[in-house]
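So you know, we letter chains A, B, ... as the sequences are listed, proteins then strands, and number each from 1. All of these numbers come straight from a predicted model, not from anything done at the bench.
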Amino acid sequence: MTSASQRRMGRRDFVSLTVKGAGAVGFAIVGGKFLVERLGGIPPDVRTQTADPRAWVMVIDLDRCDGCGVCTTACRNTHDVPDGQEWIKIYEVNEPDGAHYFLPRPCMHCDNAPCVAVCPVNATFRRDDGLVLIDQNRCIGCRYCMAACPYDARYFNWDGPLELTPQEQAVYSPEYPGTHRRGTVEKCVFCAHRVDEGSLPACVEACPMRAIFFGDAREDAVSNGSEVWRLSEVLRDRGGFRFKEELGTKPRVFYLPPEADG
Amino acid sequence: MRWRGAVVACLAISLLSFAGGPSSPVGPAAAAHTGDLDAAYMNRTTSVDATFATDEYSDNFTEAATGITIYVQYSGNVLGVGLESPGVGWVALTLGGVLVGSNYSDLLIFSYDAGTWRALDMVDHGWERHLDEAIGGTDDIIASAGIVDGTRLRVEFQIPLDSADDNDHHFRANETYPLSVAYNATSPDPTTDQTAHSPQLLLHVGPTPMVMNWQATAVRALPAALIVGQAATLAGQLRDASGTPVRDQSLEFYQETTFGLLYLGLARTTSMGKASIEYEPRAAGTWTFHIVFRGAGPYLPSNETIQLVVIAPAAPPGPLLPVDTGIALVILVVLAGVWGSYVFVASQLAAIRKSGRRALPRLPSSKGEGGENHS
Amino acid sequence: MTEDSAERVDALLRPVARWTPRFWALMIALGSIVAWGAFAYSVQLREGLVVTGMRDTVLWGLYISNFVFFIGISHVGALMSAILRLSKAEWRRPVTRMAEAITVCSLFVGASMPIIDLGRPERLLNVFIYGRIQSAILWDFLSISTYLVGSLLFFYLFLIPDLAICRDRLTAVGRFRRWLYRTLSLGWTGTADQKHRLERSMGVLTILILPIAISVHTVVSWIFAMTLRAGWDSTIFGPYFVAGALFSGVASVLMAMALFTHFYRLERWITPTHFRNLALLLLALDIVYIYFTLNEYLTVSYKSEGAEAPLLAALYGGPYAGVFWAVQIGGLLIPAFLLSLRRTRTTLGIVIAATLVNATMWLKRYLIVVSTLATPQMPTGWGSYWPTWVEWSITAAAFAGFVLLFALVSRVVPIVSIWETEETSAVGGRPVEEPVRGEVPG
């Protein structure tokens, strides 16, 4: 029979052994991680870096938007967006006080993006210039990012081809999601492929009402292709707001409210 | 003094029309037409080498009475004139005054005298004539050159449009002034009478294009270095071709952005020609601005491009341990503890097995040792 | 051992020694369901997740509901074994192994559910290679794997002496099983050194398993609580889920007890006292869960904030009202009555209550997942979700698989811990309620 004192001794032994063991293993892991990082051994995630860091923002003038949907079509044509997905989607809003307007909703490319926070494999990542992109080579299709997004801005490929052809894979990049694979998540990327070359996103150029503006917040200027507005001024004068500001996502899309008489 | 014959009759008229200041232009009637000669603004001054190159002058005019061909242009503050005389004696140009020989007209005489080139800046005073320098002025001929080409004398010279000398004729853009020319066919002696002289001609000085000089000023003393978030001033200065500040004109300010020019604002120039707007740089980097003058009245449009460097303010030091690493540390330490104890348990199991193997040899197969007490 | 106790040991070993035709029939039936589920999954792998009822609005459905449910049940091992061991509740002895077995089996089934839900299951290794420590899924992964290994060890440790008994007494079973008992019993002979080591290991794990178990369902709840969705954006999800897990776990043990007692004729070991004690535990957990539910819904309804209002309307009187009230009434209130009134606290009543609890807790998980996802976040209509045959098949296969595993375990090792129970009753024949020092047998 094991005496009580032996049992107590067992517990003491356990405590000391576990503490030593935990300490050793923990120190090894943590110390190793620190050393490697301090010595600059871990390279930064190169996907997040851009050659010329900007601060892209989009401004949508709700007074001009008439809900025609040309932006959605242009986006669809540019990226061959699968059926059922609308990367920039027009909502028709009827407020209780009688206001009626159309709300185009691209991805907000939030500074504090909940989708980036929850992705388990870092398939969705945020670039230096504010764009949130998705690496379809890495996405495991858990759809947690979609559950986390408060703006319904992400779409899942429920069906479709499983893999790309080698030619398609060779030209694939997160900046140009023109090919779509089953089991991965996709969304608006602010036409990163066009923006990187100095062009405006497809929806901005296509909008016949010239309602969508795009620009670099560091330059304090946004353009719809024909007009260039001063960002700070237009937000101040028109009372620009962000959708669901209270959630703290810090979206990069600003809306200008429709005028009272329109 | 052989001009006397023509002068006396007109003296009264000239005195009457002499209207305060040696540089007063001809009255309204003369201003209505542009005149015989148009001295237009050119980008280069003449090269004073007694050769009239193509495009060296903006205008030329052959005067009928004398046969003298006059070339004119101006650039900056320099009026360039060329004269081609049908003779080899002296040739003269009188500026200002109604008639040659009237009071205070600016008289420029050029001649080759026995191999010596002579260029004289004189003031005609009634029937007298004095060297400008002799009566307290300066010789304002900037440069001159002449050549006798067969039977013709060719002269090129430059005088300031607006010299500091009161004895000189002053010119302004967009104004018309009288002048006349005379020559002597054979004698280089300026005291001899002219062979012929012209009636009054009109010289029109063309508009001056505006050249802007800009300077961007910052609140800080550091030149061309602005700091993010701190208000600064963008200033431009509007000056005309002679360097004179132009007041009360609008200057527009634009910033060059990725997708177009952003209009920053408009400001009117002060008496010093300066116009400025407030500007708050938003981000660090090198930014390009355009200051644009659209042109007004006599002034041609022009613009200037500047580049400003904006630096970011010193960032506050970050946290010693970023949150993510802190969380990761905690998780790793906890997991290390738990899995460490699993390892401990596994070691205990291995020890049990070892002691069991010693105590319990491999059993043969079926017969059970049912009765054996394993307690 | 006395004659009496030898007979008792034999009775406990009988299900292990002999597999009845009825058991084989059960295995075949359950196995077919599992096979059918595997077929359904193969269809899903071939065609993509489009064969499910999930779409861009309700993007999680039965799979994640099952995941939360099974991980929830798995907490019973920690509760019964660890807490009751630490508090020296002697009556726990016959049921601890059932609880631990439920833990292990449900963990396996539960952990496979999110993998079935993945759009790209072949890329699962990405979680290892590129894993982000900031993601709740990573925490899930770490804690569930830690808990799985821990529960396996826990289950195994307390099994070793019984494995030795099987090795020594079960001589008529097949070669594989004899090899299994011999290998896994680690040559256990009950020497002082072995006992000492085993006790130390048991002590370590008993203490550790409890915080690990709590962490598991807390991080599972954080998958929802770390988002901004109405109904999920709640600060009490951690304790709420843990309470719910313990609640449904105890109900599962009660159901298992009823089944095994009946089919393996374990009335001598699992007495009405056990049912009563566990029923009281279930009642206590029911009250705790009601408390949490009130906290959750009352505080939100009182304010009825913008985003939450449509969800509450749907739950109280809208499309989800049926499920919602079934859960509250059938799962919380009726069992509370059944268990608190002495008249209804019969074995049958207790088992009915436990079944109600388990069924409604599954519905509750479904409600948590689906109703929030269906709630509109943007100016659009409600999402809808109808699971397809693929999802139902896989769900059925999950339950069948769980029962299959559990039944298999009960036929490979004695489902009542022999060394813990028989030792007690062998010492002077004292009834099982009296606290007796339980020891590792020699």
Item to complete: Please look at A:Ala217 and chain B and tell me whether the side chain, the backbone, both or neither of the residue comes under 4.5 angstrom of a heavy atom of that chain.
Response: backbone

Fill in: For A:Arg54, side chain to side chain donor-acceptor pair (under 3.5 Å) partners two or more places apart
A:Asp52, A:Asp216, B:Thr258

Practice prompt. Using a 4.5 Å cut-off on heavy atoms from C-beta on, say whether the side chain of B:Gln255 contacts that of A:Glu219.
Written response: yes

Worksheet entry | Least distance between heavy atoms, A:Trp56 atom then B:Phe259 atom | CZ3-CE1, 3.7 Å

Worksheet item: Residue by residue, which of residues 106-131 of chain A have a heavy atom closer than 4.5 Å to a heavy atom belonging to chain B?
Response: none

Worksheet item: Are there residues of residues 221-232 of chain A that reach to under 4.5 Å of chain B by heavy atoms, and which ones?
Response: A:Ala221, A:Ser223, A:Val228, A:Trp229, A:Arg230, A:Ser232

Worksheet entry | B:Trp287 CH2 to A:Asp220 CG distance, which is reported to the nearest 0.5 Å | 10.0 Å

Discussion item. Is B:Leu335 close to chain A through its backbone or its side chain, or both, or neither, when contacts mean heavy atoms under 4.5 Å?
Written reply: neither

Discussion item. So does B:Ala284 get a backbone contact from the side chain of A:Arg218, meaning a donor-acceptor N/O pair under 3.5 Å?
Written reply: yes

Discussion item. If you count heavy atoms of other groups shown closer than 6.0 angstrom to CZ of B:Arg268, is the number above 12?
Written reply: yes

Discussion item. Sort by residue number and list every residue of residues 189-208 of chain A having at least one heavy atom under 4.5 Å from chain B.
Written reply: A:Gly198, A:Ser199, A:Leu200

Worksheet item: Can you tell which of B:Thr257, B:Val334, B:Leu261 has the highest number of heavy-atom pairs within less than 4.5 Å of chain A?
Response: B:Thr257

